[in-house]
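Step one of this worksheet: look at the structure below.
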Amino acid sequence: MSDPLEILFVEDSDADAELALRVLQQNKLANRIYRAVDGEDALDFLFCRGPHASRQAAQAPRLILLDLKLPKVDGIEVLRSVKSDARTRSVPVVVMTSSREERDLVESYRLGANSYIQKPVDFDEFREIVKKLGFYWLVINEPPPRRM
Amino acid sequence: LIGLQSKSSAPLLLERREAQLFPRLSGLAAAVMAAAILSGWLLGIPVLTSLLPGWAGVNFNTALCQLLLGIALALLPARSETPLRPWARAAGSVCASPALVLVLVTLAQFALGVDWGADEWFVSPGPPGEARRMSVIVALHLLVLGIALLFLQSDLRNAIRFARALGMAEIVIPAVTLFLIAVNYASSDAWRTARPQSVALALGLALLGGGILFARRREPEIRRAGIVRKLVVGFGLAGVIIAFVGFTSLLSIQELLRTAERVRHTHVVLRTIESLESGMATAVSARRGFALTSTAGFLERFQAGVAEVQQAQGRLLELIADNPAQVAHVKEMAPLVRNRTELLSRLIELQKGNRLTFEQQAAMVNDGLRMDEAIRSPLQQVREEETRLLDARNEQSGKAAQRTVLLILLAMSLSLVCLVPSAWNIWGEFRARQRAEEALQQKSEELNQQTRLLQSVLDNMGDGVSVADSGGRLILMNRAAEQIVGVGKADLLPEQWSEHYHAYLPDGSTLYPTQDLPLVRAIRGETVDAAELLLRPPSADSAIWVSCNARPLKGADGSLHGGVVVFRDVTRERHAAIEIQRMNAQLELRVRERTAELARALEELSASRARVAGIVDSAMDAIISVDESQSVVLFNAAAEKMFGITEGEALGSSLDRFIPQRFRAAHKKHVESFGKTGVTSRNMGALGSISGLRADGEEFPIEASISQVQVAGQKLFTVILRDITERRRAEEEIRTLNRDLEQRVQRRTAELEATNRELEAFSYSVSHDLRAPLRHADGFAKILMEDFGETLPAEGVRYLERIRQASRHMGQLIDDLLQLSRIGRSPLAMRLANLDEIVMEIRASLEAESNGRKIEWRIERLPAVRCDAPLVRQVLFNLMSNAVKYSRPRDHAVIEVGTSAVTDGGVDAADAGPAFFVRDNGVGFDMKFAGKLFGVFQRLHRRDEFEGTGVGLATAQRIVHKHGGRIWAEAEPGRGATFWFTLGPQHASNREGRTA
């Protein structure tokens, strides 16, 4: 892992993950990406615990794509941990979820989510969104300076 | 005028403490001096008796008098206002009296020419000439001082004044004496020897006189004395000194002149001696010349020389006639001179006759030389004596001149010393006066301001104010007073006031007696309150009533200065009072009339009483009347039935009989308190449920009202009772049922809430989980088309397209359902919404999607309504989009949106609020399916005909129901459809915060 990771992709559904990764790959945006299958895995990865204990904590990802409905530890909890820890607070978090519930939207932004995106059923729309998202956060957006 | 005095009265000048102390200090100083002199006498120390060595001493009796008088002076208080304390007065008299006696004895000695030896009464006589006797002058001085001190013992002003006048005289004489002594000292010693002078005596007398002069001053005098004394002492002293200097200088110059005269005299004497000597020399040399030459010329010279000698000798005798020693010398010399000239004459005679032998001549010449020697000796003595005198006189003159210069310098310095403090003090005094004047000016300015203020207050006050001085002269009448009285201030006697100001007694015809006029009484010192008098000035239309208060004006010491009267025009109040009296009379009349009417009414009432009795007996409710002692006076048939006793039994018995024991006390109190209220009737149940007691002891609930009426002075209470046993039972039943119902409602509500929560969880899952597989299906179908589309047959691609369509439809269904469920869950946010705007927005968005179809919109103006605007927007959107959708087959689609009174039967139009409709001329539907119309997923058309999920109308219905409104439709197949809805009653408070 010499190069810093670009995307931490937290998604329990393999199908969703595949669809999203396909779009990212097609657009050459998925060079360095780690997919966490649940919230616990995502937190372990971020804070170098458990199976990821050997990982270098210095390398926080440039972007976190976060599903809300996750097994074990749900997305809201992951978001809270990310935004309350000094090491990961500056990492942009994009919530990607099927939910259109207002309370999820409100809670995500309250905890410091940088974007909130509802996954559309229509794959064409989905593809467009993921593409724009990747371009925006990884290409257009200027990341915070890396101090670690 | 009315107590406007300046508040502070600070002294304008400082109190001069030294002026108060001076008499005591001088008295003490005189006493101490005298004591020293007396001790000198008693101890035999001569120096002490004169205090100044070289000057005359003071007589013992004089010093004794001075001591006594000094003590008497020191004992006096500083101020004339301070009365002399008895002991001080006694001590002063004890001191002054013996001194006076001693002085009088001394004077008597002189006057009678006898000698009682008064001067040796206390001490043995001193050395001769050393103040052995008290002189008459001194005795007179002491007499004056003693009398002055005796007068000062009195507290009377005039006595003190007289004593001070004596003191004034006394200070002048010793001062002059002192001055003369000083002059004497400065001038020649010729005066000193004339009479012995005592400085100590003069000083002591001056101290006593000065002390008396300043003793017992009044406070203002002390202040005035300050500056006067400074002027007198400072300038007077300076003047004396300057006069003294002038006088001394005159004396000194005279002395100098005298000395010069003496010097000149000495010179003349010396010159005369020289002349004598030169005459002698001339004679001798002429004789010698004649002897040698025998010329006659020498004889003449000889005669001239002899004449000169004789002349000089005569002159010398004249010149030194005042000096016997010199005269003796000259006289001693005279025969010698005569012998000498005779010898010379004889020689010349012998020479003429040539009878002179050489030896003879030589012997005679030798004799002549011896005689010359003899003459020279006294002459030399005279010369030496004159020279000595000259030197002495020169020296004396120089000393006198030197002393004069020193004296002048000293005097100048002294007068400077005297003048500078005086000038300084006068300057200070001047400044103090200036300050005092400024302060005075300021005070007077303040006073002026206050006076102006007072004047303005007086002028602007509504009450009249008049002030008269104690002599009964009007000195002030303010503007209001002149206005009320109508006549201004006039210089009149109080006797003329009533007539001049038209003041009458309240009867209106008698002039007000002068002695009773409020102002006159105030001047007498009385206080008058609310005295009324009547003014009838000819200028006024009617008489004026005036109410007066008068007060005496008193000074700080309580003395009467006059009086002030304050009065006001009370005519209107008087008239008002009369009016009130008149109205009272009217009122009384009307009360009488009313009373008569009432009496008539009462008669009618008693006539109707019979009718009432009939009603009472036929009433369904029990009617019981009690008197004030609560015994029954009326008991109707219904009461008989209710309580189970007859009227006969009930009448006269206590009401307690019908009340259970435990309520009796409360009931009695209740009736009493009701009696006090004066209210004619009230419901008794207001104080809690009450019960009745039947004759068989059974208690039963009753409803009662009580009324009271006053009949013939007695109060009657009438209670109307109704047995409410049955009603109580029914009420109890209703309450039980209600409680039951309440519980059921609560249970149901809880169940409903649980269901709601489940539903919420369910819909959340649906939202998240149901959509995911759809997305996957669509996603992978798309990928399949993308990746393998080319290898798939066209049919396969079409199927994939159908899969994707189905997925998207399913997604739409889920969204619609979620929306539907969300409506049920969240509370309404009611506000006043403008439906016009909402409709226009929807129309615009629908037109954008209608692909250029020709649609005619007929939109009426809609009222603003209170509703949850986003939800109502959803309703209108669903209805209007349906209208667009189902009118698609029409070439000319017409869609109407409007409002109208409710046409659907059974609903109260007013209660339902306005009804809104959306009408189209589309495909319509058969009204037999109308019941299915608003069901979820219910559709009346195939999806291939008209797309849709069958949720829109269900959503609309749910929103309308949530608002408390109704939605319904009217349609006909092929003729279009009209959807109506209402939003419930438009009462603002009705629907707020309602939840599902």
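In this text the structure is predicted, and so the values were computed from the model without any measurement. We name chains A, B, ... by the order of the sequence lines, and we start the count at 1 in each one.
The residue among A/R127, A/K69, A/R103 with the most heavy atom pairs within less than 4.5 Å of chain B is A/K69.
Interatomic distance, CD of A/E125 versus CZ of B/R775, reported as 11.5 Å (0.5 Å rounding). From B/E786, atom CD reaches atom CZ of A/F123 across 6.0 Å, with rounding to the nearest 0.5 Å. We find the CG-NZ distance between A/L19 and B/K782 to be 12.5 Å, quoted to the nearest 0.5 Å. B/R771 contributes atom CZ, which lies 4.0 Å from atom CD of A/Q118 (distance to the nearest 0.5 angstrom).
Both the backbone and the side chain of A/D124 come within contact range of chain B, each with at least one heavy atom under 4.5 Å from a heavy atom of that chain.
The number of heavy-atom neighbours closer than 6.0 Å to OH of A/Y109, taken from other residues, nucleotides and ligands shown, is above 12. At most 12 heavy atoms of other shown residues, nucleotides or ligands fall within 6.0 angstrom of atom CZ in B/R802. Open room surrounds NZ on A/K131; 12 or fewer heavy atoms of other groups in view lie less than 6.0 Å from it. Atom CD of A/E18 sits in a sparse spot, with 12 or fewer heavy atoms from other residues, nucleotides or ligands closer than 6.0 Å. By the 6.0 Å contact criterion, CD on B/E751 is enclosed, its count of non-hydrogen atoms from other residues, nucleotides or ligands being greater than 12.
Closest non-hydrogen pair, A/V121 versus B/D778, comes out as O-OD2, 3.2 Å.
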